[in-house]
Amino acid sequence: GFARTPQVPFGERATDGSKWSFLEHKGPVMAAPYEPLPSNVRFFYDGKQMKLSPEAEEVATFFAKMLDHEYTTKDTFRKNFFKDWRKEMASEEKSKITDLKKCNFNEMGEYFKAQSEARKAMTKDDKLKIKVENERLLQEYGFCIMDNHKERIANFRIEPPGLFRGRGDHPKMGMLKRRIRPEDIIINCSKGSKHPKSPPGTKWKEVRHDNKVTWLVSWTENIQGAIKYIMLNPSSRIKGEKDWQKYETARNLKKCVERLRNQYREDWKSKEMRIRQRAVALYFIDKLALRAGNEKEEGESADTVGCCSLRVEHINLYPEKDGQDFVVEFDFLGKDSIRYYNKVPVEKRVFKNLQLFMENKQPEDDLFDRLNTSILNKHLQELMDGLTAKVFRTYNASITLQQQLKELTTDENLPAKILSYNRANRAVAILCNHQRAQPKTFEKSMQNLQTKIDAKKDQLSDAKRDVKSAKADLKVRRDEKFKKLEEQLMKLEVQATDREENKQIALGTSKLNYLDPRISVAWCKKWGIPIEKIYNKTQREKFAWAIDMAEDDYEF
DNA sequence: GGGTACACTTAGCAACTCACGA
DNA sequence: TCGTGAGTTGCTAAGTGTACCC
């Protein structure tokens with residue numbers, strides 16, 4: 001169930017900015033120490049065997065484990081890896097090993113492959129032992145006490161060392177992600193609690209008692225210098241309440257969105273360039289659910305953009321295209337280097353403004369040179385309390401789900417209703433550009449499904465023949481069988497449609513982060529659909545508050 | 001305003017699990 | 001009983017947005 005404190009009801013937290021008054025936990029699980037390779041697993045440099053120091057060997061194994069990944073062929077990856085690897089080498093190693101091309105990691109690679117094969121081939125009993133040990137670790141480290149409630153921790157393990165794999169064309173790919181020691185770790189818990197012990201012979205970097213934040217453990221990673229946190233599971237009170245708040249803010253936007261839209265339409269005509277830019281950007285964020293687009297430091301990460309950071313090269317303008325007027329073509333890499341490609345007809349004023357913004361600019365110049373997310377968000381804050389650019393994504397996602405469900409749900413059988421739900425969900429995922437790589441097994445799995453469908457069709461036509469020839473007293477039973485087969489066939493066909501429509505769309509992200517769960521809960525109640533058909537166990541835990549709260553007439 | 005530190009949400013993919021059919 | 005693959009979970013990168021400093 002969902003944890004609530006009796007003293008402070010749901011949604012009414014302390015006003016002094018404190019997030020909890022009591023917090024006790026066991027600290028993180030450190031990464032397993034490095035186990036040196038057995039001596040029969042060799043490394044060769046320039047054809048000659050070479051025994052590596054443990055430090056250099058460990059980093060070499062990181063590379064060896066990735067050998068059949070495309071990464072290891074990329075120039076940037078290899079260059080970064082080699083540079084960082086050399087830092088870990090002893091001085092003789094460093095002077096000998098000067099060319100990555102001459103390094104032969106094959107025996108190491110084979111060794112790890114064999115190991116993973118062996119793991120797969122373990123006896124049931126050995127697998128069970130591992131499972132039991134994992135469960136023990138979860139029970140010991142996976143929970144904390146926050147304000148009288150035992151809460152599940154999300155990521156209680158410290159990230160193990162390895163080679164950094166960024167997304168897209170990341171300039172730092174291949175760099176060594178170093179091992180985190182207790183001396184790097186800050187523990188956060190309440191003063192009166194039992195502090196987690198650091199491993200024998202070590203010390204935490206710091207133990208602090210900051211109840212203005214929600215994290216239990218933090219450390220700074222060495223690739224970007226970013227802080228990493230251990231926090232609570234989405235099922236926790238603290239996350240659930242924040243989630244609920246997020247949707248309430250989005251519902252507030254619903255109340256005033258028409259006013260805001262009128263406002264930015266007016267602003268398209270402003271005498272001031274900065275206001276016109278702000279208004280056009282906001283139009284994109286609203287209409288297309290684009291992300292805000294903070295500035296990024298060049299060379300620190302992949303070159304991706306959002307709305308405010310769009311460059312001239314990311315759009316093309318067509319006064320007329322495919323029979324439509326004033327078409328804007330977007331083509332850019334967004335978060336996680338996922339491509340956003342869209343052709344949208346826009347209002348004439350928007351189009352004229354865009355032409356103006358692009359005048360006398362180079363392709364690599366900012367489209368909105370008088371705008372950034374900070375300016376935009378300050379403006380939004382003035383229009384509505386708590387309003388920021390990302391609220392539009394939440395609002396448009398949730399309102400789209402609600403509308404689509406209304407439009408698509410028909411009084412049919414259960415599988416058809418589920419298909420309608422998935423289609424509504426899909427409309428949102430498309431809006432938010434939540435893509436995925438087509439599963440490698442897609443074609444095969446579609447074929448398998450088609451085989452099943454064909455077999456079912458055969459069964460059905462056999463049954464039909466039987467019905468014709470059956471004697472009257474058998475007819476009733478035959479009819480039942482016939483009905484059952486038809487149902488099974490329909491189910492398979494719906495499944496095939498759903499899968500085909502979904503091959504390059506990821507539904508999970510919108511379901512988990514953008515869709516007010518109360519819409520789905522209400523829909524299930526209204527149509528008598530078990531919630532399990534829509535949310536799996538984890539999702540039901542995360543959305544327990546909504547499952548408790550929403551009635552069948554809930555309106556986002 | 002601009003830079004930076006920090007906290008927190010959002011994201012896709014890989015690994016794992018478990019139910020199902022051969 | 002085993003192998004398969006769809007669904008689930010874990011992992012951790014990559015965003016957003018605020019606070020605070022100058």
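Residue numbering restarts at 1 for every chain, and letters A, B, ... go by the order of the sequence lines. These values consider heavy atoms only, across backbone and side chains, with no hydrogens, waters or symmetry-generated copies.
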Could you tell me whether A:Lys65 sits above the aromatic face of A:Phe112, with NZ or CZ closer than 6.0 angstrom to the six-membered ring centre and within 45 degrees of the axis? yes
With a non-hydrogen cut-off below 4.0 angstrom, is A:Ala302 in contact with a base, only sugar-phosphate, or nothing? nothing
Within the structure shown, what part of the strands sits under 4.0 Å from A:Asn377 by heavy-atom distance: base, sugar-phosphate, or nothing? sugar-phosphate
Aromatic contact between A:Phe330 and A:Phe284, with the criterion being ring centroids under 6.0 Å apart: yes or no? yes
Respond yes when some side-chain nitrogen or oxygen of A:Ser337 is under 4.0 Å from OP1 or OP2 of C:dA14, and no when none is. no
A:Phe164 has a side chain; which of B:dC18, C:dA14, B:dC8 sits nearest to it? C:dA14
Please confirm whether A:Lys150 makes a cation-pi placement over A:Phe143, using NZ or CZ under 6.0 Å from the six-membered ring centre and within 45° of the ring normal. yes
What closest approach, in Å, do A:Tyr247 and A:Phe556 show between heavy atoms, and which atom pair accounts for it? O-CE1, 4.1 Å
Minimum-distance nucleotide (side-chain atoms of A:Asp336 versus C:dT16, B:dC8, B:dG12): B:dG12
What integer distance in Å separates A:Phe392:CZ from B:dT10:C1'? 19 Å
Rounded to whole Å, please give me the gap between CG in A:Asn536 and C1' in C:dG7. 8 Å
Out of B:dA7, B:dT9, B:dA11, minimum distance to the side chain of A:Lys239 belongs to B:dT9
With the side chain of A:Thr388 defined as its heavy atoms from C-beta on, choose the nearest nucleotide among B:dT10, C:dG17, B:dT9. C:dG17
Touch class at under 4.0 angstrom, heavy-atom based, for A:Arg393 against every strand present: sugar-phosphate
Using a 4.0 Å heavy-atom cut-off, does A:Lys127 contact any base of the nucleic acid, only the sugar-phosphate backbone, or nothing at all? nothing
Have a look at A:Arg167 and say if it touches a base, only the backbone sugar-phosphate, or nothing, with a 4.0 Å heavy-atom cut-off. base
Please determine if a side-chain N or O atom of A:Thr509 lies less than 4.0 Å away from the OP1 or OP2 oxygen of B:dG12. yes
Tell me every residue that passes salt bridge (charged side-chain N to carboxylate O under 4.0 Å, His left out) with A:Arg152, counting only those two or more places apart in sequence or in another chain. none
Closest to side chain of A:Gln224, choosing from C:dT12, C:dC11, C:dA14: C:dA14
B:dC6, C:dA13, C:dG15: which one has an atom nearest the side-chain heavy atoms of A:Tyr229? B:dC6
A:Lys19 side chain near B:dC8 phosphate (N/O to OP1/OP2, under 4.0 Å): yes
For atom CD of A:Glu298, decide whether the heavy atoms of other residues, nucleotides or ligands shown that lie under 6.0 angstrom number more than 12. no
Does A:Gly306 reach a base, just sugar-phosphate, or nothing at all? Heavy atoms under 4.0 Å. nothing
Indicate, with a heavy-atom threshold strictly under 4.0 Å, whether A:Gly334 touches base, sugar-phosphate, or nothing. sugar-phosphate
Looking across every strand, which nucleic acid part, if any, lies under 4.0 Å from A:Thr214 by heavy atom: base, sugar-phosphate, or nothing? sugar-phosphate
Mind calculating the distance between NZ (A:Lys335) and P (C:dT12) to the nearest angstrom? 17 Å
Of A:His170, A:Met173, A:Lys172, which is the lone residue that meets side chain to side chain contact (heavy atoms under 4.5 Å, CB included) with A:Thr76? A:Met173
Within less than 4.0 Å of OP1 or OP2 of C:dA13, is there a side-chain N or O belonging to A:His170? no
Donor-acceptor pair present, A:Lys390 side chain and B:dT10 base, under 3.5 Å: no
Could you tell me whether A:Ile338 contacts a base, only the sugar-phosphate backbone, or nothing, with contacts defined as non-hydrogen atoms closer than 4.0 Å? sugar-phosphate
Counting only side-chain N and O atoms of A:Lys212, is one of them less than 4.0 Å from OP1 or OP2 of B:dC6? no
Which whole-number value in Å describes the distance from A:Lys228 NZ to B:dA5 P? 17 Å
With a 4.0 Å cut-off on heavy atoms, is A:Lys537 in touch with a base, just the backbone sugar-phosphate, or nothing at all? nothing
Side-chain N,O (A:Asn513) to OP1/OP2 (B:dT9) below 4.0 Å: no
Ignoring backbone atoms, establish whether A:Thr304 has a side-chain N or O less than 4.0 Å from OP1 or OP2 of C:dG15. yes
